[in-house]
Amino acid sequence: MRDDRPDETRRTRLSRTFDEDAELYDRARPGYPAEMFDDLDALAGTGPGCRVLEVGAGTGKATVPLAERGCRITAVELGADMAAVARRNLARYASVEVVTADFETWPLPQEPFDAVVSATAFHWIDPAVRMTRAADALRPGGALAVVATQHVAGGSEEFFVEVQGCYERFDPATPPGLRPPAADDVDTSDHADEVARSGRFGPVTVRRHEWDLTYTTSEYLDVLRTYSGHRALPPESREGLLGCVAGLIDGRYGGRITKRYLTELRVSRTV
């Protein structure tokens, strides 16, 4: 299952769950590998002075590194609490503005941007308008840079096999026998197809990075509490699931597991 392909019938409702505990999201969610920002510089021109529109900034997980690289950023975030945390995290950067708004209806500034960047957020934007809005925000030849994060096979692989029993018990929507895919098996060509259909951008250039992050039991539970699908479960089911996961990590994995992430950067330029 793809982590950047939400059920369209629940996309709007699920996208609102992140604002329910912005402080937890800021504390628990990982950032992005430094190499990805090097790729952004090379492919999208996000160096000093670059004018960036960030779509779905969250609490600033990608915004801070971009600001550190000298970008001038307008960061649009739907959630009021998420935006407030982002402003705090970015307070020392005079060239960053955080706007609380939904990208679909936010009035685009008259001055076009050099790059539109969306990190683990573009899939929450209405697919009917996201390509057109991004293209309208950019100067000729400007770059759309979409970052997707996937959970892939690796790390504590046996744990992620065993833990499916917890999900099948407490979340009846879980497909039986679900496993994280190998990174090479994650097909994200649908983004390139969407870009091509829009008629507004050239070909997509892709860069991929696999990386591991080790969590204690409590740290991993905090990460799970930030996921929209987990937050949308009935409280009794969610707490049962988290208790089952905790028991497995503590009982069989010494209170620590490693998760492998795939970060994919997709860059295309306006034509």
Side-chain angles (χ1 to χ4, degrees), residues 15-42 44-125 130 133-134 137-139 142-149 209 211 213 215 218-219 222-223 225-228 231 261 263 265:
S15 71
R16 272 42 175 191
T17 64
F18 302 110
D19 202 49
E20 294 171 356
D21 194 339
E23 295 290 351
L24 174 65
Y25 185 100
D26 189 54
R27 181 177 74 251
R29 281 292 183 104
Y32 301 93
E35 296 83 1
M36 189 206 75
F37 294 98
D38 294 338
D39 290 340
L40 261 175
D41 287 352
T46 53
C50 177
R51 191 161 182 266
V52 174
L53 170 61
E54 187 182 4
V55 178
T59 62
K61 294 291 183 178
T63 326
V64 171
L66 286 170
E68 289 174 343
R69 290 170 179 252
C71 296
R72 296 178 295 147
I73 306 168
T74 300
V76 178
E77 168 53 44
L78 173 64
D81 289 347
M82 299 277 274
V85 175
R87 291 187 188 98
R88 183 187 70 207
N89 291 339
L90 292 151
R92 64 186 182 276
Y93 299 104
S95 60
V96 178
E97 177 189 14
V98 179
V99 178
T100 306
D102 64 274
F103 177 63
E104 291 90 338
T105 62
W106 176 64
L108 295 173
Q110 288 190 342
E111 182 184 357
F113 292 88
D114 300 311
V116 171
V117 177
S118 187
T120 320
F122 204 63
H123 54 286
W124 296 115
I125 306 300
R130 60 193 177 200
R133 294 277 292 169
L138 287 164
R139 62 169 173 79
L144 169 62
V146 174
V147 180
T149 302
H209 299 278
W211 51 290
L213 192 56
Y215 295 98
S218 61
E219 289 169 344
D222 277 349
V223 171
R225 290 186 178 100
T226 70
Y227 291 161
S228 59
R231 297 194 67 85
Y261 292 94
T263 296
L265 172 65

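Predicted, not measured: the structure shown is a model, and the values here were computed from it.
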Participant: For the residue pair Y261 and Y215, does the interplanar ring angle fall in the parallel (under 30°), tilted (30 to 60°) or perpendicular (over 60°) class?
Facilitator: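 Correct class here is perpendicular.
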Participant: Just by distance, do the side chain of S118 and the backbone of V55 share a donor-acceptor pair under 3.5 Å?
Facilitator: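 Judged by distance alone, yes, a pair lies under 3.5 Å.
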Participant: Should R225 and D21 count as an ion pair when the cut-off is N to O under 4.0 Å?
Facilitator: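 Looking at R225 and D21, the cut-off is not met.
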Participant: With a 4.0 Å cut-off on N to O distance, would you call R88 and D26 a salt bridge?
Facilitator: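 Salt bridge: yes.
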Participant: Applying the side chain to side chain contact (heavy atoms under 4.5 Å, CB included) criterion to R133, which one of L53, L108, T105 satisfies it?
Facilitator: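 Of the listed options, the one satisfying the test is L108.
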Participant: Test M82 against V98 for side chain to side chain contact (heavy atoms under 4.5 Å, CB included), laying out the working first.
Facilitator: CA-CA 10 Å; M82 299 277 274; V98 179; over 6 Å; no
Participant: Sub-3.5 Å donor-acceptor pair from the side chain of D114 to the main-chain atoms of R51, do we have one?
Facilitator: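 Present.
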Participant: Should T100 and R87 count as side-chain neighbours, where that means a heavy-atom distance under 4.5 Å?
Facilitator: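 Yes, close enough: below the 4.5 Å cut-off.
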Participant: Side chains of Y32 and T149: do they bring a donor and an acceptor to under 3.5 Å?
Facilitator: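 The answer is no; no qualifying pair exists.
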Participant: Mind checking whether P33 and T263 have side chains closer than 4.5 Å, heavy atoms only?
Facilitator: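 The answer is yes; the side chains approach within 4.5 Å.
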Participant: Would the distance check show the side chain of R231 and the main-chain N or O of E20 forming a donor-acceptor pair, the cut-off being under 3.5 Å?
Facilitator: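 Checked: no pair found.
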Participant: Quick one: do V64 and L90 satisfy side chain to side chain contact (heavy atoms under 4.5 Å, CB included)? Show the steps, please.
Facilitator: CA-CA 6 Å; V64 171; L90 292 151; 3.7 Å; yes
